[in-house]
Amino acid sequence: MRVVAVLAVVAALISSAAARDVSKDSAKDAAKQLQQDTTKPVSVDEVFRRFDLFGVWAADCHEPPSPDNPHLSITSPAAGVVLEKHDIGDDYEANQYSILSAERLSPTRLAVEVVFQPGSGREERQKLIFRIRDHTRRTMFNQPEGGAVRVKDGIALANHSRTPLLRKCE
């Protein structure tokens, strides 16, 4: 009888250990899958979608576009393509941006690499960082490739003014 009891305890321990190994393997598999999902490259349009950036943005959605109230239209005309158009009023040429890459830095920070005025004689690559929270967006950093920083910590260095806080209109 004693041998049977010992065998029953050993069997229970083996069964318990096997269950723990299966659980460990399942946990390892889940962790590996999660790691693979986060290391896969994410397209620019998917990053913009995750930040809910598509649509129209303005400092005041009810007022017309102006240099103090730019209206930004963010679209994805094809998979992987993101374009921004900055309308600053009828008396000004719209600023166009083609987004080359986008990287989430934090839940509220997005780094992008863009081509400003693509296809024109003024074409220029730029790096920008946006702060996005509570349905608002502010440019925190801007630097053209090979050039001086234009915006740092949300301040336009040329005139020491804050960059506009844009709100999502639609």
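For reference, positions follow the sequence shown, starting with 1. Keep in mind that this is a model prediction, so the values were computed, not measured.
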Taking all atoms of both residues into account, what is the closest heavy-atom pair of [X] and [Y], and its distance?
| X | Y | result |
| --- | --- | --- |
| Val115 | Glu123 | CG1-CG, 3.3 Å |
| Arg167 | Cys61 | O-SG, 3.8 Å |
| Val44 | Gly80 | CB-O, 4.2 Å |
| Ser76 | Asp45 | OG-CB, 3.7 Å |

Would [X] and [Y] show up in the same hydrophobic cluster when neighbours are defined by side-chain heavy atoms closer than 4.5 Å?
| X | Y | result |
| --- | --- | --- |
| Val42 | Leu128 | yes |
| Met140 | Val112 | no |
| Phe54 | Ile99 | yes |

Measure the shortest side-chain to side-chain distance between [X] and [Y] over non-hydrogen atoms and say whether it is less than 4.5 angstrom.
| X | Y | result |
| --- | --- | --- |
| Arg125 | Pro144 | no |
| Leu72 | Leu166 | yes |
| Leu83 | Pro77 | yes |
| Ile132 | Leu110 | yes |
| Leu157 | Val149 | yes |
| Gln126 | Leu100 | no |
| Pro70 | Pro164 | yes |
| Gln117 | Asn95 | yes |

Donor + acceptor pair across side chains of Ser161, Asn159 (<3.5 Å):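 Judged by distance alone, the side chains do pair up.
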- prompt: Under the side chain to side chain contact (heavy atoms under 4.5 Å, CB included) criterion, do Trp57 and Cys169 qualify, and how do the steps go?
  reply: CA-CA 5 Å; Trp57 297 74; Cys169 300; 5.7 Å; no
query: Under the salt bridge (Lys or Arg N to Asp or Glu O under 4.0 Å) rule, what pairs show up with a residue in residues 50-77, not counting sequence neighbours?
result: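 Every salt bridge (Lys or Arg N to Asp or Glu O under 4.0 Å) pair that includes a residue of residues 50-77, provided the two are not neighbours, is Glu46-Arg50, Asp52-Lys168.
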- request: If a pair satisfies salt bridge (Lys or Arg N to Asp or Glu O under 4.0 Å) and one of its residues is in residues 83-95, list it, with sequence neighbours excluded.
  value: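 Counting only pairs at least two positions apart or across chains, the salt bridge (Lys or Arg N to Asp or Glu O under 4.0 Å) contacts touching residues 83-95 are Glu84-Arg137, Glu93-Arg122.
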query: Stepwise, does the side chain to side chain contact (heavy atoms under 4.5 Å, CB included) test hold for Val151 with Phe141?
result: CA-CA 5 Å; Val151 173; Phe141 178 85; 5.5 Å; no
Let me confirm one number: the [atom1]-[atom2] distance from [X] to [Y], rounded to the nearest 0.5 Å.
| X | Y | atom1 | atom2 | value |
| --- | --- | --- | --- | --- |
| Glu103 | Arg109 | CD | CZ | 13.5 Å |
| His86 | Ser73 | NE2 | OG | 9.5 Å |
| Arg49 | Ile74 | CZ | CD1 | 12.5 Å |

- prompt: What residue pairs, at least two apart or across chains, pass ring pair (Phe, Tyr, Trp, His ring centres under 6.0 Å) with a residue in residues 112-138?
  reply: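 Residue pairs with at least one partner in residues 112-138: Tyr97-Phe116.
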Listed partners of Ala111 passing side chain to side chain contact (heavy atoms under 4.5 Å, CB included), at least two apart: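 Listed in chain order: Leu105, Ile129.
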task: Could you pull out all residues at least two apart from Pro64 that satisfy side chain to side chain contact (heavy atoms under 4.5 Å, CB included)?
output: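 Side chain to side chain contact (heavy atoms under 4.5 Å, CB included) list for Pro64, sorted by chain: empty.
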- prompt: CZ of Arg162: more than 12 outside heavy atoms within 6.0 angstrom?
  reply: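 Counting neighbours around CZ of Arg162, 12 or fewer heavy atoms of other residues, nucleotides or ligands fall under 6.0 Å, so no.
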- prompt: Which side chain to side chain donor-acceptor pair (under 3.5 Å) pairs, counting each pair once, include a residue from residues 145-156, with sequence neighbours left out?
  reply: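 Residue pairs passing side chain to side chain donor-acceptor pair (under 3.5 Å), neighbours aside: Glu124-Arg150.
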